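Notes for the one structure printed next.
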Amino acid sequence: MYVPERVVTNAELAKMVDTTDEWIRSRSGIERRRVAADDEMTSDLGGKAATEAMQAAGVTPGDIDFLVVGTTTPDLVFPNVGCLIQDQLGIPVCPAFSVEAACSGFIYALSVADRFVATGQAGCALVIGAETLSRITNWNDRSTCVLFGDGAGAVVLQPSEEAGIISTHLRADGAYKSILNTAGGVSKRPDMPLDESLYIQMRGNETFKVAVRCLENIVDETLAANDMDTSEIDWLIPHQANHRIIQATAKRLDIPMEKVVLIVQDYGNTSAASVPMALDVAVQDGRVKRGDVLLLEAFGGGLTWGSALIRY
Ligand code: COA
């Protein structure tokens, strides 16, 4: 993973909008978040996380033959962030693209890369989740600005005789498009300044309820598809949107919080970056060990949601 240097605490936010450290902690579990420097783009964060991932996997840019990035905050309309990172790292000609599925972006990207590796069409895939959500955050809106942060995480996928990614499951329901979205973008230009039209707008309470329901269902589906039950999961690595969503989901699934990786307190909701960041934290601190069964899940605007069951 890679996160920008600048830490923004709840106390700092309390000087900017009418909020308190206590409110933010109790409603979301968030204590601090990282915010990218003005000259730091999504591709910079993603490129640095990718470099770490390649070092950990013992591969070089020359080995990569497939590159996919989950992001909602691309540097540019085009070239896509995948191409920018390909150029930045000197990765040879290969498919390079980004997947736009909000906070589920990494799970979507992982699922696509898994299919290419499993069918032999890719031999070494780089999968990245990277975001600069601070660029689409309305820093005057207390109901959203306290929740989001910037960061990136990445993994390398290679073929193996042993199960690595056991299965992935993707879902979306556009009927919920209005509870979590931006008012404008490239093709849709509402009558407001462009910056403002890109701000995240959210009906928090509704989002919370739908998130818990969708995540519970996708975890159930994932386990049923593999004839497993929750007691066989060593680690739940959820999208880090909110401590209370994570807790409610774990409770419904009867997974003790000791088996849940939590980083939301340090980084807030980093959208597509949050799951690979949480994975990295738990691998680096020794919690996740070879052979452990991991259940990754995410939920985001669209609505989109998904899961990946992995034997690490
Ligand atoms: N500080 C202080 N008060 C705040 C506040 C803040 N940062 N943000 C909102 N409030 C106020 C509201 O204005 C409201 O005041 P009112 O009752 O006078 O109208 C009150 O707090 C309660 O608001 P509500 O939205 O009902 O709070 P909540 O308990 O639902 O918590 C969230 C708000 C956003 C933390 C919660 O709904 C949530 O986590 N939703 C899911 C969000 C999410 O994870 N989205 C991303 C999914 S990928």
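This is a predicted model, so every value here is computed, not measured. Numbering of ligands and ligand atoms starts at 1, following listing order.
Ser28 does not count as a contact of ligand 1, since none of its heavy atoms falls under 4.0 Å from the ligand. For the ligand labelled ligand 1, residue Thr20 lies outside the 4.0 Å heavy-atom shell. Distances from ligand 1 to the non-hydrogen atoms of Ile24 include no value under 4.0 Å.
Distances from atom 42 (C) of ligand 1 to the heavy atoms of Arg203, Met202, Lys209, Arg27 put Met202 nearest. Comparing Trp305, Phe148, Trp23 by heavy-atom distance to atom 3 (N) of ligand 1, the nearest is Trp23. The option from Glu22, His243, Arg142, Arg244 that lies nearest to atom 7 (N) of ligand 1, judged by heavy atoms, is Arg142.
Remark: Glu12 engages Arg6 in a salt bridge, criterion side-chain N to carboxylate O under 4.0 Å. Classification of Arg311 and Glu162 as a salt-bridged pair fails, no side-chain N sitting under 4.0 Å from a carboxylate O. Salt-bridge annotation for Asp18 and Arg142: present, with a side-chain N of the basic residue lying under 4.0 Å from a carboxylate O of the acidic one.
Polar contact with ligand 1: present for Asn242 (N/O pair, distance under 3.5 Å). Of the polar atoms of Asn205, at least one N or O is found under 3.5 Å from an N or O of ligand 1, judged by distance alone. Considering backbone and side-chain N/O atoms, Leu147 never comes within less than 3.5 Å of an N/O atom of ligand 1.
Atom 40 (N) of ligand 1 lies below 4.0 Å from at least one non-hydrogen atom of the protein. For atom 27 (O) of ligand 1, the nearest protein heavy atom lies closer than 4.0 Å. Within the 4.0 angstrom cut-off, atom 16 (P) of ligand 1 has no protein heavy-atom neighbours. Distances from atom 5 (C) of ligand 1 to the protein include at least one heavy-atom value under 4.0 Å. When distances from atom 1 (N) of ligand 1 to the protein are checked, a heavy atom turns up under 4.0 Å.
No single ILVMFWY cluster, assembled from side-chain heavy atoms under 4.5 Å apart, contains both Ile107 and Ile233.
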query = Are His239 and Ser274 close enough, and set up right, to give a side-chain hydrogen bond (donor to acceptor under 3.5 Å, both in side chains), and what steps lead you there?
reply = CA-CA 6 Å; His239 170 46; Ser274 91; 2.6 Å; yes
- Given Glu31 and Asn10, is the side-chain hydrogen bond (donor to acceptor under 3.5 Å, both in side chains) satisfied, shown in steps? CA-CA 6 Å; Glu31 297 170 21; Asn10 291 349; over 6 Å; no
- request: Check the pair Tyr2, Glu52 against side-chain contact (heavy atoms from CB on, under 4.5 Å), reporting the backbone distance first and the verdict last.
  value: CA-CA 8 Å; Tyr2 176 80; Glu52 296 284 328; 5.6 Å; no
Next on the checklist: Does Asp21 form a salt bridge (charged side-chain N to carboxylate O under 4.0 Å, His left out) with Arg25? I'd like the steps, not just the answer.
Outcome noted: CA-CA 6 Å; Asp21 175 46; Arg25 278 176 197 248; 2.9 Å; yes
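Side-chain contact between Arg34 and Tyr267: present, with at least one pair of heavy atoms (C-beta onward) separated by less than 4.5 Å.
Minimum heavy-atom separation, Val146 to Trp23: CG2-CZ3, 4.5 Å.
Only the side chain of Cys103 comes within 4.0 Å of ligand 1, counting heavy atoms alone; its backbone N, CA, C and O stay farther away. Heavy atoms of Thr19 found under 4.0 angstrom from ligand 1 belong to the backbone as well as the side chain. Contacts between Val146 and ligand 1, counted as non-hydrogen atom pairs separated by less than 4.0 Å, involve the side chain only.
A donor-acceptor contact under 3.5 angstrom links the side chains of Gln121 and Thr119, judged on distance only. Between the side chains of Asn269 and Gln240, no donor-acceptor pair is found at a separation under 3.5 Å.
Sorted by first and then second residue, the salt bridge (Lys or Arg N to Asp or Glu O under 4.0 Å) pairs with a member in residues 216-236 read Arg171-Glu221, Glu216-Arg252; sequence neighbours excluded.
Closest to atom 48 (S) of ligand 1 among all protein heavy atoms lies Phe299 O, 3.2 Å. Looking at atom 44 (O) of ligand 1, its nearest protein heavy atom turns out to be Ala241 CB, 3.4 Å.
For ligand 1 and Asp18, the ligand atoms under 4.0 Å from any heavy atom of the residue are 1 (N), 2 (C). Near Asn269, the atoms of ligand 1 lying under 4.0 angstrom from a non-hydrogen atom of the residue are 46 (C), 48 (S). Using a 4.0 Å cut-off to heavy atoms of His239, the atoms of ligand 1 that qualify are 48 (S). Annotation for ligand 1: atoms under 4.0 Å from non-hydrogen atoms of Ile245 are 41 (C), 44 (O).
Checked against the 6.0 Å centroid threshold, Phe66 and Phe97 count as a close aromatic pair.
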